[in-house]
Amino acid sequence: MKKWLLVACLAFLPAWVVAAPIVEGKDYKVLANPGVAPAKGQVEVVEFFWYGCPHCYSLEPHVAAWAKTKPANVKFSRVPAALNPVWEANARGYYVAEASGVLEASHMALFDAIQVRKERLFDQASLAAFYARFGVKPANFNSLYQSFAVSARVAQSRNLAIRYQLSGVPAMVVNGKYLVTGDSARVVEVVKALIERERKAK
């Protein structure tokens, strides 16, 4: 009876109470080269990913659900990693989609196309054809793909990844200080705990 009552009570506790405490070296890493601190009162969370990564695909639903309910003072952004030529192609496609106003509609669709339907969407031509499904004319896509604006965003992505010494994805960076890796719901729990730590520190 007592055991049943304990289980029943735990079911009504907030997730952060039930979750195991986070441990440095196991759940997260302190970055040797921290990034620039965000604006006062804000906590920044950056997710690095690649559409061809199955672990990124596994993590995406957890991140997407959290992003809808995150605190107002948390600035969240996705950064397509551009650590090699293949990844860079998808990063360029991402920023073209953003500039064309179709990112929200195409983001998960591209993940599904690559991870579920096994479409090979890893170069300029195939990506132009893919984004055409969302109304982006190939001529416009190709013009933006090599544009200064998109190239600048890709360079920024690459520089951030190098600064944080990323060796792979998915990776989430909290306030430029902490690196969290993995592809389960635990990643988001660790991120939330680190956000709270940063909030209290401020």
Which heavy atom of F134 sits nearest to which heavy atom of A109, and what is that distance?
CZ-CB, 3.6 Å

Have a look at W87 and tell me which of F122, W50, F49, Y94 forms a ring pair (Phe, Tyr, Trp, His ring centres under 6.0 Å) with it.
W50

Positive for side-chain contact (heavy atoms from CB on, under 4.5 Å) with V190, one of I22, I195, T181
I22

Sequence-distant partners of H62, ring-ring contact (aromatic ring centres under 6.0 Å, His included), two or more places apart:
none

Is it true that R117 and D112 make a salt bridge, defined as a side-chain N closer than 4.0 Å to a carboxylate O?
no

Residue pair D27 / P21: nearest heavy atoms and the distance that separates them
OD2-O, 3.8 Å

Check: A125 main-chain N/O paired with D123 side-chain donor or acceptor under 3.5 Å
yes

Say whether E24 and Y178, considering side chains only, have a donor N or O and an acceptor N or O under 3.5 Å apart.
no

Same apolar cluster (I L V M F W Y, side chains within < 4.5 Å links), V169/V191
no

Is there a chain of hydrophobic side chains (I, L, V, M, F, W, Y, each step under 4.5 Å between heavy atoms) that links Y95 to F148?
no

Look up atom OG in S58 and atom CZ in F111, then write down how far apart they are to the nearest 0.5 Å.
9.5 Å

Side chain to side chain contact (heavy atoms under 4.5 Å, CB included) between F130 and V136: does it pass, once the steps are laid out?
CA-CA 9 Å; F130 171 81; V136 181; over 6 Å; no

Pair R92, S151: side-chain N/O donor-acceptor within cut-off below 3.5 Å
yes

Do L179 and Y28 have side chains that get closer than 4.5 Å, going by heavy atoms?
no

Between S143 and N140: side-chain donor-acceptor atoms closer than 3.5 Å:
no

Rounded to the nearest 0.5 Å, what separates atom CG in N84 from atom CZ in R158?
9.5 Å

Return yes if a side-chain donor-acceptor contact under 3.5 Å exists between H107 and Y51, otherwise no.
yes

d(K29 NZ, L31 CG) to nearest 0.5 Å is 7.0 Å

P80 versus S157, closest heavy-atom pair with distance
O-OG, 2.7 Å

Heavy-atom pair of closest approach, residues L121 and L127
O-CD2, 3.5 Å

Are any of the side-chain nitrogens in R78 or E60 under 4.0 Å away from the carboxylate oxygens of its partner?
yes

What distance do L83 atom CG and I162 atom CD1 have between them, rounded to the nearest 0.5 Å?
7.5 Å

Cluster question for you: counting only ILVMFWY and a side-chain heavy-atom cut-off of under 4.5 Å, with indirect links fine, are V187 and Y57 together?
no

Heavy-atom closest contact (P170 atom, G182 atom, distance):
CG-O, 3.1 Å

Value for CG (L160) from CG (L166), rounded to nearest 0.5 Å, stands at 8.5 Å

Run the salt-bridge test on R186 and E189 with the 4.0 Å N-O cut-off and return the result as yes or no.
no

With respect to N175, which candidate in K75, E44, E198 satisfies the side chain to side chain donor-acceptor pair (under 3.5 Å) definition?
E198

Would you say the side chains of Q42 and N73 form a donor-acceptor pair under 3.5 Å?
no

Are N33 and Y164 packed together at the side-chain level, in the sense that at least one heavy-atom pair is separated by less than 4.5 angstrom?
no

Inter-residue atom distance Y131.OH - S100.OG, 0.5 Å rounding
9.5 Å

Indicate if I114 and V63 have the same hydrophobic cluster label, given that clusters are the connected sets of ILVMFWY residues with side-chain heavy-atom separations under 4.5 angstrom.
no

Shortest non-hydrogen contact between A81 and A91, atoms and distance:
O-CB, 4.2 Å

Any residue meeting salt bridge (charged side-chain N to carboxylate O under 4.0 Å, His left out) with R163, in chain and number order, not counting sequence neighbours
none

Hey, mind stepping through E88 and V154 against side chain to side chain contact (heavy atoms under 4.5 Å, CB included) and telling me if it holds?
CA-CA 7 Å; E88 181 178 322; V154 170; 3.7 Å; yes

Give a yes or no answer on whether the side chain of Q115 reaches the backbone of G52 with a donor-acceptor pair at less than 3.5 Å.
yes

Please answer: with hydrophobic residues joined when any side-chain heavy atoms are less than 4.5 Å apart, are F76 and V188 in the same cluster?
yes

Would M172 and V45 count as a side chain to side chain contact (heavy atoms under 4.5 Å, CB included) here? Give the steps.
CA-CA 7 Å; M172 298 190 73; V45 177; 3.6 Å; yes

